[in-house]
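Just so it is clear: chains get the letters A, B, ... in the order the sequence lines come, proteins before strands, and each one is counted from 1.
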Amino acid sequence: MEHIRTTKVEQVKLLDRFSTSNKSLTGTLYLTATHLLFIDSHQKETWILHHHIALVEKLALTTSGCPLVIQCKNFRIVHFIVPRERDCHDIYNSLLQLSKQAKYEDLYAFSYNPKQNDSERLQGWQLIDLAEEYKRMGVPNSNWQLSDANREYKICETYPRELYVPRIASKPIIVGSSKFRSKGRFPVLSYYHQNKEAAICRCSQPLSGFSARCLEDEHLLQAISKANPVNRYMYVMDTRPKLNAMANRAAGKGYENEDNYSNIRFQFVGIENIHVMRSSLQKLLEVNGTKGLSVSDFYSGLESSGWLRHIKAVMDAAIFLAKAIMVENASVLVHCSDGWDRTSQVCSLGSLLLDSYYRTIKGFMVLIEKDWISFGHKFSERCGHLDGDPKEVSPVFTQFLECVWHLTEQFPQAFEFNEAFLLQIHEHIHSCQFGNFLGNCQKEREELKLKEKTYSLWPFLLDDQKKYLNPLYSSKSPKFAVLEPNTVSFNFKFWRNMYHQFDRTLHPRQSMFNIIMNMNEQNEQLENDIKDLESKIKQRKSKQTDGILTKELLHSVHPESPTLKTSLCFKEQTLLPVNHALRTIEGSNPADNRYSEYAEEYSKSEPGVVSLEYGVARMTC
Amino acid sequence: MLPRQPARGGGRRAVARGGAAAGGGPWRGRSGAREASSLATAVAPGPRVSSMASAPTSKYNSHSLENESIKRTSRDGVNWDLSEAVPRLPGETRITDKEVIYICPFNGPIKGRVYITNYRLYLRSLETDSALILDVPLGVISRIEKMGGATSRGENSYGLDITCKDMRNLRFALKQEGHSRRDMFEILTRYAFPLAHSLPIFAFLNEEKFNVDGWTVYNPVEEYRRQGLPNHHWRITFINKCYELCDTYPALLVVPYRASDDDLRRVATFRSRNRIPVLSWIHPENKTVIVRCSQPLVGMSGKRNKDDEKYLDVIRETNRQISKLTIYDARPNVNAVANKATGGGYESDDAYHNAELFFLDIHNIHVMRESLKKVKDIVYPNVEESHWLSSLESTHWLEHIKLVLTGAIQVADRVSSGKSSVLVHCSDGWDRTAQLTSLAMLMLDSFYRSIEGFEILVQKEWISFGHKFASRIGHGDKNHADADRSPIFLQFIDCVWQMSKQFPTAFEFNERFLITILDHLYSCRFGTFLYNCESAREKQKVTERTVSLWSLINSNKDKFKNPFYTKEINRVLYPVASMRHLELWVNYYIRWNPRIKQQQPNPVEQRYVELLALRDEYIQRLEELQLASSAKLPDPSTSPAGPSQMMPHVRTHF
């Protein structure tokens, strides 16, 4: 690799930023083509994927060496002290180059090889089938049909090829409407509620300016409302703050005029734009301790970051949407400016509230594929996969995951997956290890031939399903058909396990989740023991009836009880390590988990207690 | 007895509805138990389904509130007198009843009938669409005010405003004509503040019987014996038998073997209120100790006392593992200095060579009281919405919790890992000191994490060592603004709750146990928290004349048990006292707000209980199979472990 000048630096110190006593680990730093690796004197490995690096900083030289601070997109912050400034400079420069690739082809996904053959790879990509998903929702049907208008990406480049529209909307209407919508993103079906016969549709803002109209667009909206046999009026949700929408009018864009459209109810819901969200996260990370830890103002810092307020805004919008469908039986059209950020958040979260299928592991993957990937949420730009415009980077998808996490907290039984699943997905939107999140829309992905050159994340997650199962999930309970979250202020909490996932000292000392998982494992073991014993008894009985009770047989039976005993004893020792597998979010590769060391390290102590040496307990930042 | 109110229309209607013919006023007629169960079933359909997302409807609110109160009363083991409409304890007598409008802060005005006894205020809704019930022990009331006057305008502007000690206010509107509120005001004042009217506190009238006697839970000699005391270095002294040495200390004290009674008397002169350093807890292995006391009387001139210095050195020498004794002064440094002006102070380096002093920066009772007031402001009746986090922070409540916990962690850490004996004091050694020693002991000694252990801890470190419950809570006292009031004990319980959140398997008791303790901290139903110190309690014969709260709890332990509890010996708990881990105890501070309704039962708990049951079933099955297989094996040496061996064997790690 031409960017790597130094591949190995010895005597590097890794500081623990939450330790008051300035404790550090000394070890060797290695730079590989894809990762930065630190191995400390206890042979513990810390791997950092270059793509995860958000920011590298070289601080002023100190007596002990040259400090190098690396901030990652997965909220890990590492603070190295490199003894020689020259080495530090080399590493710094290399990381700057390596963390910002210019071409897609240089991303990890194109070189990553999980030892799958081509047919397995293809199967992996076929795991999530959106046509199947629309069929599950009940479309096409008498009111909704598949449109071939965008089959060649002629009408809208950022939409998928296959779009569902009202049956009565003719192609000219669609084409006309698309010309009146920003980036050609005309209203299409996102979710169809079979029982209510109501639909969630999505689009971008109309090019209405101060007074422009478009008959085709008005027709298309009417067609959507007519496709709902129960309720003739529909909601149009503009997810932006009203002020922003009005400002857009000056640029020839804007929002629907209620007078021009029959049967619509127009509603602003006030979610801020990507820039506000980006700087909000920045502030949140300051609270999180990027720049030292100020103890006293954690809560006011959290509040002034506005982060939880934004989360609540997204949640409120989704609740409004779900309510419109459940209570009023009305169809809803959602848009923001271009219809790929806030619109994706609200549509997907709304569907999640309405449809329990999306709360399963597979269903959640489908949801992400549908509302985020296929409808052109610009993952590469928003996650900054390539060295691009920093103003396009925004944590829109992270917010979505956080909203889902808040729901899992409020409805612990309603989700098949657990927190680790969300964290793992978050890990991989940035890792560039799999093809799913590369590119900004389907067309671009096809051009990159991602399905031939890279692997899909989903089969790997499914293979590891066990790690992501929520032990409290009760799939059958009718209580959780539709979720009605409570958005009272104190229900919104700082997502410690996301923003502090690598700060071991801030991890809970004991996790209920792991205790339950252990209990599950233990019960399974017992169940197996019972089966073993039963089959042995059965075996023996049948032999006894044959009347061949020989001494030999007795011997063979003897070990039975000791085996049982040892198996129980054995369990006692292995019980703690059982949960090793539970939290390996860190590993950017679920298949060959070479990072498990670290994960192991911090799960080992559970359900026991992190034993702290003297003085460490005082560390109470 | 007061004359009954002539207007009993509501009551009569209710009687008719209840279907009992007996008549004879509102106190007869309906079967209370039946009423309760029918209400409960009316409530049964889950509230969540009915209303979508946003603000729940008023119906849902009232239902859940009512449901809760019913549950609580029956939970408390109160017997519903079948001939009456309200629950009554043995010894509880009714005083009056009246039709009022309860101004519910969540659902608006509700017409109801209020019943007042010498123990409680009980309100039942008279509206058909609301099943609201209020059941408030009078001890909870801190202040009763009249609102509006006979001529004030506006609907429901005339009535009573009641401030409670448990984070809520109650407001009743009455008819404006004929001084209708006067009776109610006077009766409530009299029975809520019996001390001002030379009436006994209800605990002395309570005739409840339990099959366990809570007063026997704590026996100091037994508890010290459990700790391995007396030993070569520590002795039990009865010098304070008649409370002559220190009137706020218990009769029985543990002091260094080498300190004579005369030494103790001399040390007492140099410690505020004679609260000399005595042992609270001894480490079973390294024999380091936690010793508690009050501040030394150093004063402005920097007085020294050789006996005190020597005494501390004797304490240090009881364990020879470290050269210095660690002194934790719970106060902020400046406060400790300021105390010199009033004759107090702290141990200086010059005088105490072999001691290290640290300040723990915990504020005084006045700061804590104001902090809790601010918490109430942001949670009752309405929860602050737009600036929740900064408002919460500005109350500083969690910050105080953090400091108390941090202090206790330091004490525990010093004793357990630092292997140094620790002396803890604040000013008088009955507020912050009690918090620190009891929390540190809870971290160090798993015995205190059991239900009985915790009762002993409270009984020992708080009640016997003279935390001034009477002054801090103001039982039966009408002076609501008394500067002695402070939520120190509540703060301690909050810290325990924070610990139980961080270590869900470490405590035998559950959240309900803690809330029950807090409820009866105020209720005056039990004698447990009455009076300031042991000598006063003895004088009033509290143990003979009242019932202990632990009788209630221990006679029905199951509902206070934490299903996750796993008994572990000798594990030290170090909670994280970071702000990122401390939470507002919503289930306590915001429990009156119907919006906090959580899923019942707790799904995690439910799942765990299911798994436990499954495991037991499996183990049993396994044993049966083993027996079945071993029965056919004549050789005894190969027989499998019997059930008695098996069970603990499997259980240990849980």
Mind checking salt bridge (Lys or Arg N to Asp or Glu O under 4.0 Å) for B:K374 and listing every partner two or more places apart, or none if nothing turns up?
-> none

So, for A:F298 and B:E393, which heavy atoms are closest and what is the spacing to 0.1 Å?
-> N-OE1, 3.3 Å

What's the spacing between B:L389 CG and A:L308 CG if we round to 0.5 Å?
-> 6.0 Å

Would you name the heavy atoms of A:N523 and B:R615 that are closest together and state the gap between them?
-> OD1-CB, 3.1 Å

Working to the nearest 0.5 Å, report the span between CZ of B:R595 and CZ of A:F490.
-> 7.5 Å

Any side-chain heavy atom of A:K493 sitting closer than 4.5 Å to one from B:E583?
-> yes

Distance, nearest 0.5 Å, that separates CZ of B:R621 from CD of A:E527 = 11.5 Å

Should the heavy atoms of other residues, nucleotides or ligands under 6.0 Å from NZ of B:K501 be counted, would the total exceed 12?
-> no

B:S394 side, atom OG; A:E303 side, atom CD - distance, nearest 0.5 Å = 9.0 Å

Mind checking the CD1-CZ spacing from A:I516 to B:F564? Nearest 0.5 Å is all I need.
-> 5.5 Å

Closest contact, heavy atoms only, B:L611 versus A:M519 | CB-CG, 3.6 Å

B:E610 versus chain A, heavy atoms under 4.5 Å apart: side chain, backbone, both or neither?
-> neither

Which atoms of B:L398 come close to chain A, meaning under 4.5 Å heavy atom to heavy atom: side chain ones, backbone ones, both, or neither?
-> side chain

Does any heavy atom of chain A fall under 4.5 Å from the side chain of B:S386, the backbone, both, or neither of them?
-> backbone

Within the distance-only criterion (no hydrogens, no angle test), does the side chain of A:R496 pair as donor or acceptor with the backbone N or O of B:R580 below 3.5 angstrom?
-> yes

Chain A contact via B:H387 - which portion, at a heavy-atom distance below 4.5 Å = both

With only heavy atoms counted, which part of B:L403 is less than 4.5 Å from chain A, the side chain, the backbone, both or neither?
-> neither

Who wins among B:V379, B:L392, B:V383 for the most heavy-atom pairs under 4.5 Å with chain A?
-> B:V383

Sequence neighbours left out, what passes side chain to side chain contact (heavy atoms under 4.5 Å, CB included) with B:P504? Give chain and number order.
-> A:Q510, A:M512

Heavy-atom distances under 4.5 Å only: say whether B:L584 touches chain A with side chain, backbone, both or neither.
-> neither

Where is the tightest heavy-atom contact between B:L582 and A:Y299, given as atom of each residue plus distance?
-> O-OH, 3.0 Å

Rounded to the nearest 0.5 Å, how far does CD of B:Q620 lie from CD1 of A:I530?
-> 10.0 Å

Side chains of A:N520 and B:R607: does their closest heavy-atom pair fall under 4.5 Å?
-> yes

